[in-house]
Novice: 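Sharing a structure below in structure tokens format, with a few things to ask.
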Amino acid sequence: MNDRGIAIIGYYETRIVLRSGRHVYDLAGEAMAGAIAHAGIDKSEIDGLAVSSCFSDAGNPFYAPVLAAYLGLELDWCQVTDLGGASASGNVARAAAAIRAGLCDTVLVLAADAQSSENKGTIAAFRSEFQYPMGIMGPPGYFGLLSRRYDHQYGLDLKALGKLAVTQRNHALLNDNACEKLKRPLTVEEYIASPMISDPIRMLDCVMVCDGASAFVVTTTARARELGAKKMVHPIGYGERINHGETDQCPDITRVGHTAAGARALKAAGLTPKQIQSFHPYDDFLIAIVLQLEAIGFCDIGRGCRFVMEHDLTFAGDLPLNTGGGQISAGQAGLAGGAHNLAEAVRQLFGEAGARQVKRRDNAMVTGIGWIPYGRNWGTSTVMVLEAAR
Amino acid sequence: MSANPTLDPLAGQRPAPVPHNFSKPFWDAAREGRLLLQYDPASGKYQFYPRPISVFSGKRNLEWREASGKGTVYTYTVSHKAPPPFKIVQPFVIATVELVEGVRIMTDLINCPPDRVRIGMPVRLAWVKAGDMNFPVFEPDD
């Protein structure tokens with residue numbers, strides 16, 4: 001991937017809306033139309049589709065080809081990726097692999113969900129066997145267990161979490177796509193005083209489930225030049241770890257797969273964490289950002305809160321972080337939520353972030369988190385390094 | 001150690017577990033108040049939750065062995081928002097319990113007010129009714 005032979009040549013993100021009432025195919029259609037217009041290509045260029053699974057059309061065993069039919073796409077390759085919030089950047093890597101394997105030439109990477117309007121998803125497995133009878137409140141319950149253990153081992157600094165909340169909220173205020181309901185200023189004190197959901201997880205630690213979609217056009221750099229692409233972004237490193245520490249029955253739940261995924265992505269990119277110019281970590285809960293800073297090596301294990309306090313994470317700071325507001329302040333578009341972090345990273349590298357444009361935009365890192373296993377930390381961890389074409 | 005419904009304000013209201021064919025021995029034993037764990041004799045390790053295969057070796061030579069029911073709290077959370085019917089007991093304590101056998105079970109900590117729970121606290125097995133089945137929970141082991 002680090003030969004710069006693959007390029008993202010266009011992208012589009014819809015507004016993120018609470019209970020839009022729109023069908024997921026409609027959101028997908030808007031994202032596709034926007035992405036091909038932004039790339040300046042004809043629809044007929046697209047011969048591959050990599051789409052994130054979604055709650056809204058869950059249970060459809062033919063999701064990708066049915067969606068492709070609604071979008072008028074005749075394809076040589078398609079797939080659904082069900083890595084939750086890790087699917088979007090995961091699909092950029094999968095698109096690159098499919099193109100490199102000669103299966104297709106130009107892939108639409110698409111993530112759409114209308115979870116707040118329609119949710120057909122069920123995850124039975126161990127959940128209906130061992131979780132529902134004990135009444136855990138889904139992800140906030142898990143992150144409550146995780147946060148308590150983190151606090152026990154390292155100390156949890158509420159001011160650092162509050163700083164993350166405020167930093168991201170201020171970014172969302174500059175983002176026209178961010179959910180309207182979240183577009184009001186926030187203070188650290190308000191974060192700390194927000195109602196407990198699953199102690200120590202507070203309401204303002206959590207994402208709000210919304211509707212939305214993003215799309216990205218991925219092709220070879222050579223084809224991008226033939227198509228006359230003026231701007232492009234190369235994925236130059238990617239790492240993925242699914243079911244981190246799965247055989248360990250008593251794992252340290254403060255450790256995550258981003259250690260392995262980050263090392264692989266950074267090695268491929270030939271970069272160190274210090275050289276990353278903006279960071280767009282998957283943020284379903286604020287503490288997830290702290291754990292990823294540690295795991296990827298921006299700081300030592302257990303020092304994530306201190307790192308947050310010591311750095312300016314605003315778009316104008318030394319490590320701009322989730323400059324679109326992140327999912328916590330822009331809204332989580334269901335299982336398409338992780339595409340928000342990716343869209344913002346690509347937008348920054350295209351130099352199209354307007355009032356929140358970062359100064360240094362040679363590279364950016366985006367991460368993904370997907371699914372929550374039984375009694376441990378999150379299951380899927382991804383890290384992608386992107387580089388602006390020179 | 002049979003289920004004592006008077007201990008659980010949610011008796012009769014908890015959703016019943018939905019077993020798998022390969023976890024039937026676990027739930028059959030639960031009816032008798034016995035906690036069974038899958039044991040892989042090749043690796044000498046236990047695993048939880050029940051699976052169709054040893055997570056250690058990938059083989060299907062698993063045995064069922066009865067657990068001691070003794071453990072400590074690895075971590076916990078105090079739930080202030082829960083799906084029905086758990087609203088009637090909130091706030092309540094959910095814990096990840098590390099059993100002496102070397103596995104963790106995530107479940108409710110009953111007979112334990114939120115201000116009493118601590119990481120490392122000794123706990124012991126108890127049973128509550130979930131639907132018409134016995135469901136394993138834990139309580140402080142004084």
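To find a chain, count down the sequence lines: A is the first, B the second, and so on, and within it residues start at 1.
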Novice: Sort A:Ile253 into side chain, backbone, both or neither according to what part of it lies under 4.5 angstrom from a heavy atom of chain B.
Specialist: both

Novice: How long is the gap from CD1 on A:Ile289 to CD1 on A:Ile328, to the nearest 0.5 Å?
Specialist: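 Interatomic distance, A:Ile289 CD1 to A:Ile328 CD1, rounded to 0.5 Å: 5.0 Å.
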
Novice: Quick check for you: to the nearest 0.5 Å, what is the distance between A:Leu158 atom CG and A:Ile192 atom CD1?
Specialist: 5.0 Å

Novice: Which residues pass the side-chain contact (heavy atoms from CB on, under 4.5 Å) test with B:Ala29, sequence neighbours left out?
Specialist: B:Arg34, B:Leu36

Novice: Run through B:Val128, B:Ile110, B:Ile88 and flag the one making a side chain to side chain contact (heavy atoms under 4.5 Å, CB included) with B:Leu10.
Specialist: B:Ile88

Novice: Which atoms of B:Ile105 come close to chain A, meaning under 4.5 Å heavy atom to heavy atom: side chain ones, backbone ones, both, or neither?
Specialist: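 Contact with chain A is through both the backbone and side chain of B:Ile105.
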
Novice: List for me each residue that meets ring pair (Phe, Tyr, Trp, His ring centres under 6.0 Å) alongside B:Phe86, sequence neighbours excluded, and say none if there are none.
Specialist: B:Phe92

Novice: Take B:Ser68 and B:Arg124, measure what side chain to side chain contact (heavy atoms under 4.5 Å, CB included) needs, and give me the verdict at the end.
Specialist: CA-CA 9 Å; B:Ser68 65; B:Arg124 65 180 173 230; over 6 Å; no

Novice: Measure the acute angle between the ring planes of A:Phe143 and A:Phe285, then classify it against the limits of 30° and 60° as parallel, tilted or perpendicular.
Specialist: parallel

Novice: Between B:Val137, B:Val55, B:Ile119, B:Val103, which has the largest tally of heavy atom pairs under 4.5 Å with chain A?
Specialist: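 Looking at each of B:Val137, B:Val55, B:Ile119, B:Val103 in turn, B:Ile119 comes out on top.
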
Novice: For B:Pro122, check side-chain contact (heavy atoms from CB on, under 4.5 Å) against everything at least two apart and list the hits.
Specialist: B:Asp141

Novice: Donor-acceptor pairs under 3.5 Å, chain B to chain A, main chain and side chains both?
Specialist:
from     : atom 1 : to       : atom 2 : distance (Å)
B:Arg14  : NH1    : A:Pro133 : O      : 2.8
B:Val18  : N      : A:Ser128 : O      : 3.1
B:His20  : ND1    : A:Glu129 : OE1    : 2.8
B:Ser23  : OG     : A:Glu129 : OE2    : 2.5
B:Trp27  : NE1    : A:Glu129 : OE2    : 2.6
B:Phe48  : N      : A:Gln249 : OE1    : 3.0
B:Arg51  : NH2    : A:Glu246 : OE2    : 2.9
B:Tyr74  : O      : A:Arg149 : NH1    : 2.8
B:Tyr74  : OH     : A:Pro251 : O      : 3.3
B:Tyr74  : OH     : A:Ile253 : N      : 3.1
B:Thr75  : OG1    : A:Leu145 : O      : 2.6
B:Thr75  : OG1    : A:Arg149 : N      : 3.3
B:Thr77  : OG1    : A:Ser198 : O      : 3.1
B:Thr77  : OG1    : A:Ser198 : OG     : 2.8
B:Thr77  : OG1    : A:Asp199 : O      : 2.7
B:Val78  : N      : A:Asp199 : O      : 3.4
B:Val78  : O      : A:Asp199 : N      : 2.8
B:His80  : N      : A:Ile197 : O      : 2.8
B:Lys81  : N      : A:Ile197 : O      : 3.1
B:Arg104 : NH1    : A:Pro251 : O      : 2.7
B:Arg104 : NH2    : A:Cys250 : O      : 3.2
B:Arg104 : NH2    : A:Pro251 : O      : 3.0
B:Met106 : N      : A:Tyr374 : OH     : 2.8
B:Met106 : O      : A:Tyr374 : OH     : 3.3

Novice: Considering only heavy atoms and a distance below 4.5 Å, find which of A:Pro133, A:Gly135, A:Pro251, A:Gly144 pairs most often with chain B.
Specialist: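 Winner by heavy-atom pair count: A:Pro133.
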
